[in-house]
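Order of appearance sets the numbers: ligands from 1, and atoms from 1 within every ligand.
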Amino acid sequence: MTPLKPRNERLWWRDAVTYQIYIRSFADSNGDGKGDVEGIRSRLPYLKELGIDAIWITPWYTSPQIDHGYDVADFMAIEPDYGTLAEAERLIKETHDHGIKLLVDLVPNHSSSLHKWFQEALKAAPGSPERARYHFLDGKGENGELPPNNWTSIFGGPAWQRVVEADGTLGQWYLHIFAVEQPDFNWDNPDVRNYFIDVLKFWLDRGVDGFRIDVAHGMVKAPGLPDIVEADPDSEMLAAETRPFWDQDGVHEIYRHWRKVLDSYPGDRMAVAEAWVSPASRIARYLRHDELANSFNFDFLSSPWKPASLKEMIDRSLEALKEVGAPSSWVFNNHDVVRSVDRFDLGLIAGAGSTTFDRQGDPAKFNLKRGTLRARAGALLMLALPGGAYVYQGEELALPEARDIPEDRLTDPRWAMSEHTDRGRDGCRVPLPWKRDPAGAFGFSSRLTLKPDEAWLPQSENWGDFAVERQDGDPASTLTMYRNALAIRHEEAGLGDGPMSWIEAGDHVLAFSRPGNFACYVNFGHAIELPAHSEILLSSAPLHGSKLPTDTAVWLRLP
Ligand code: NOJ
């Protein structure tokens, strides 16, 4: 077992709890119905009280918002809807004043089609240096009328778009693994590589503690852009190793370079990979000693609420990452997947494809009470495991998926690109409820006349039931449970990075100990008797005397 270091001697990112802020939906300071930088700043005291160690802010750069910021038009400027660079700088400083680290989202796989380089490429001729920064190719077929290969976009439809050349004729095709408005950069091009070093430095110079790297397994494409041999529309990102545009060896050279840049700055600057690759041994490659710090554990996130499956994902990750000396980064929610309250109740498997409408399950069968119970138990499981954790805004409120967004209000590009068969990811992105009263979209907006259905995505009528105000100070609320869990996590030297041992407690129970006689029990079946003479530190739901009921987790001090 790895020896346990005192917390102050560990690198912060080895066991930080990082709170993901989906900026558009967090807090709206200027009353336009969209979240912004100043909104985040106004809520720093809330985040401090919650007890998280770091925040990650989803893309705040200038963007036409086709994919809500993941289509970046200028990587070194703030989206005017969200604020200014001066405000961003003030936020970075004040976040640090609160003792919280700050990560920004870096989107290196693609730009917006409005990025100046792409606009220049459209105007330039085939074969020009401007086009070489992206993947422009001639089409197949007699007149180039067929796309250069059979790749499909993650959002639906072909991954290629044909352009009209300067002379008005139909011309070359460009690659877009995501939306048509998100052309993929060509990472074989030195301009692209150099540009992103400048982008890294731009934000590091402004004091950010690190980066969440979007599609971290995607930048390098297999030489010659060969066809996908076996197209499997269901596997998408998780079957990464079979796709010529995911998890190519060449991507690691980029991270070795970036790591040098990160290490050239004072403090422990870091990067976390959004790499939908599996199995865990492939993830470990991103976390080798000279590459990145963290990588989201998407196998864990993709597991159903079943003890055997969760245990397998935990073991596999710990084992694979031990090989490279990296901590695991647990996560159950983010802005791309159906919220865990719904997933754990409906038995949905999360993954990049999990947002398809048919996989969101039958709303008539959804049991909010059971889903909430499970999501709360899952949180205590996650926060007791070795390593760090990522919490998505609203998770601390046990916010469910919003299923009632009218079709004409859906904004995710998946909706249109799937020809209206996939409602997309809007359901987990609805603005947060801060107040129980509907005024100002349940306190999301500073403009009190803003109604819940006037926020950029309409809030459900019952959103106020989940509001921060309603949960604050209520000992039984999910918010209070998170605050208590994070406070205990800070106190317990045995939590976070360090060893764990499984405790045998039956097939329907996950139980493990951490240093300091700490134990976590999660019960998935009939009620069980807890170890005698143990002290209860925290539970995700009331215990039945000395018994742990189903779908409940408890933190204990063993005798
Ligand atoms: C992953 C992001 O999390 C997702 O929201 C986005 O649509 C794609 N990458 C494309 O940038």
For ligand 1, which atoms sit closer than 4.0 Å to a heavy atom of [X]?
X	answer
H110	10 (C), 11 (O)
E274	1 (C), 3 (O)
R429	5 (O)
R212	2 (C), 3 (O)
V215	9 (N)
R425	4 (C), 5 (O), 6 (C), 7 (O)

Tell me which part of [X] gets within contact of ligand 1: side chain, backbone, both or neither, using heavy atoms under 4.0 Å.
X	answer
H68	neither
F155	side chain
Q20	neither

Establish, for the pair [X] and [Y], whether the NZ or CZ atom is under 6.0 angstrom from the six-membered ring centre and no further than 45 degrees off its axis.
X	Y	value
R343	W305	no
R403	F366	yes
R24	Y22	no
R269	W13	no

Take R41 and D36 through the test salt bridge (charged side-chain N to carboxylate O under 4.0 Å, His left out) and record every step on the way to the result.
CA-CA 9 Å; R41 199 168 67 86; D36 46 44; over 6 Å; no

Residues forming a ring-ring contact (aromatic ring centres under 6.0 Å, His included) with H96, sequence neighbours excluded
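Per chain and number, H96 pairs via ring-ring contact (aromatic ring centres under 6.0 Å, His included) with no residue.
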
List the residues meeting side-chain hydrogen bond (donor to acceptor under 3.5 Å, both in side chains) with R133, not counting sequence neighbours, and say none if there are none.
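With neighbours one apart ignored, the set is E120, D191.
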
Option whose closest heavy atom lies nearest to atom 10 (C) of ligand 1, chosen from V337, V107, V72, D67:
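Closest candidate by heavy-atom distance is D67.
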
